[in-house]
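Positions are given from 1, in the same order as the sequence printed here. Keep in mind that this is a model prediction, so the values were computed, not measured.
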Amino acid sequence: MDKPLPPDALGRRLTEVYDLVGPLYRRAQRSVEQGLATGDGLSLGVRAVLTLLHRNGPMTVPQMGRAQAISRQFVQRMVNDAAAQDLVESVPNPAHRRSSLIRLTQRGSAAITAVLAREHQLLREVGGDLTDADVTACLRVLGELLKALDHVDLG
């Protein structure tokens, strides 16, 4: 088993990860934007809301903001946009009367299922002979980097 890296070496290696994450995120974002031209009409923000609800079930706006590390105000705008397209709806929240739960409508569920299926087809084409252990290690590293930034105010 490998030993943990000393702090200085870890810092240098994690800088390499950050150096890849930025371009990866921007290219993925552009890819999604280009996919939007295929007619599903979902903005990146609405798509993020629909994906969260698809994976987690009904959530409040503050829960979605925390999950995506974005402001509650931005999430609310995206929820409003999605509601205007009949993709989500507000329902009473038994745990908190003032913070409604947002859930997918049938139309929203169908839309995000189609988007995720298209993305899955593209991701199947990733090469590199990646193993489950490779992906598990990647998720662990990115999770630790995210946790290290928990103190950052999301606005």
Side-chain angles (χ1 to χ4, degrees), residues 1-38 40-82 87-88 93 95-96 98-104 108-109 111-155:
M1 184 167 157
D2 288 340
K3 294 187 308 187
L5 289 171
D8 285 338
L10 177 63
R12 284 190 294 278
R13 293 306 315 269
L14 291 179
T15 297
E16 294 176 51
V17 173
Y18 276 125
D19 289 347
L20 287 174
V21 167
L24 171 64
Y25 175 78
R26 287 185 290 281
R27 286 184 187 183
Q29 186 175 18
R30 281 297 295 146
S31 176
V32 170
E33 288 169 349
Q34 290 167 359
L36 297 178
T38 63
D40 60 34
L42 301 179
S43 70
L44 290 170
V46 168
R47 182 216 176 275
V49 164
L50 298 184
T51 300
L52 268 177
L53 297 174
H54 176 77
R55 292 189 176 140
N56 301 306
M59 298 175 75
T60 65
V61 168
Q63 287 171 332
M64 286 187 267
R66 283 189 299 275
Q68 287 292 303
I70 51 180
S71 75
R72 185 197 60 75
Q73 293 82 359
F74 179 78
V75 174
Q76 187 64 62
R77 285 196 310 274
M78 295 306 100
V79 166
N80 293 346
D81 289 352
L87 300 171
V88 300
N93 181 354
H96 196 284
R98 289 184 30 199
S99 187
S100 298
L101 287 171
I102 309 302
R103 74 176 177 199
L104 291 171
S109 183
I112 196 60
T113 298
V115 167
L116 294 173
R118 246 190 348 263
E119 288 176 4
H120 178 76
Q121 282 304 113
L122 290 172
L123 291 173
R124 287 174 44 119
E125 304 303 318
V126 171
D129 296 322
L130 298 174
T131 66
D132 187 58
D134 293 333
V135 175
T136 298
C138 177
L139 291 170
R140 180 171 177 261
V141 169
L142 293 174
E144 289 298 320
L145 288 170
L146 186 59
K147 197 177 353 175
L149 296 173
D150 275 350
H151 66 282
V152 175
D153 182 23
L154 303 176

How long is the span from the NE2 atom in H120 to the CD atom in E125, to the nearest 0.5 Å?
10.0 Å

Sequence neighbours left out, cut at 3.5 Å: what donor-acceptor pairs do the side chains of residues 51-59 make with other protein atoms?
residue, atom, partner, partner atom, Å
T51, OG1, R47, O, 2.9
T51, OG1, R47, NH1, 3.1
N56, ND2, L52, O, 3.1

With a 4.5 Å cut-off on side-chain heavy atoms, are V21 and L145 touching?
no

Which atoms form the tightest heavy-atom contact between G45 and M78, and what is the distance?
CA-SD, 3.5 Å

Value rounded to 0.5 Å, distance of CD in Q76 from CG in D81:
10.0 Å

Closest heavy-atom contact between L130 and D134?
CA-OD2, 3.5 Å

Side-chain donor-acceptor pairs under 3.5 Å in residues 1-19, sequence neighbours left out?
residue, atom, partner, partner atom, Å
R13, NE, E16, OE2, 2.9
T15, OG1, G11, O, 2.9

Spatial distance of atom CG (L50) from atom CD1 (I102) [nearest 0.5 Å]:
11.5 Å

Residues forming a side-chain hydrogen bond (donor to acceptor under 3.5 Å, both in side chains) with T136, sequence neighbours excluded:
none

Which of L87, N80, V79 passes side-chain contact (heavy atoms from CB on, under 4.5 Å) with V46? Answer is L87

One should read off an interatomic distance between R72 CZ and R77 CZ, to the nearest 0.5 angstrom, of 10.5 Å

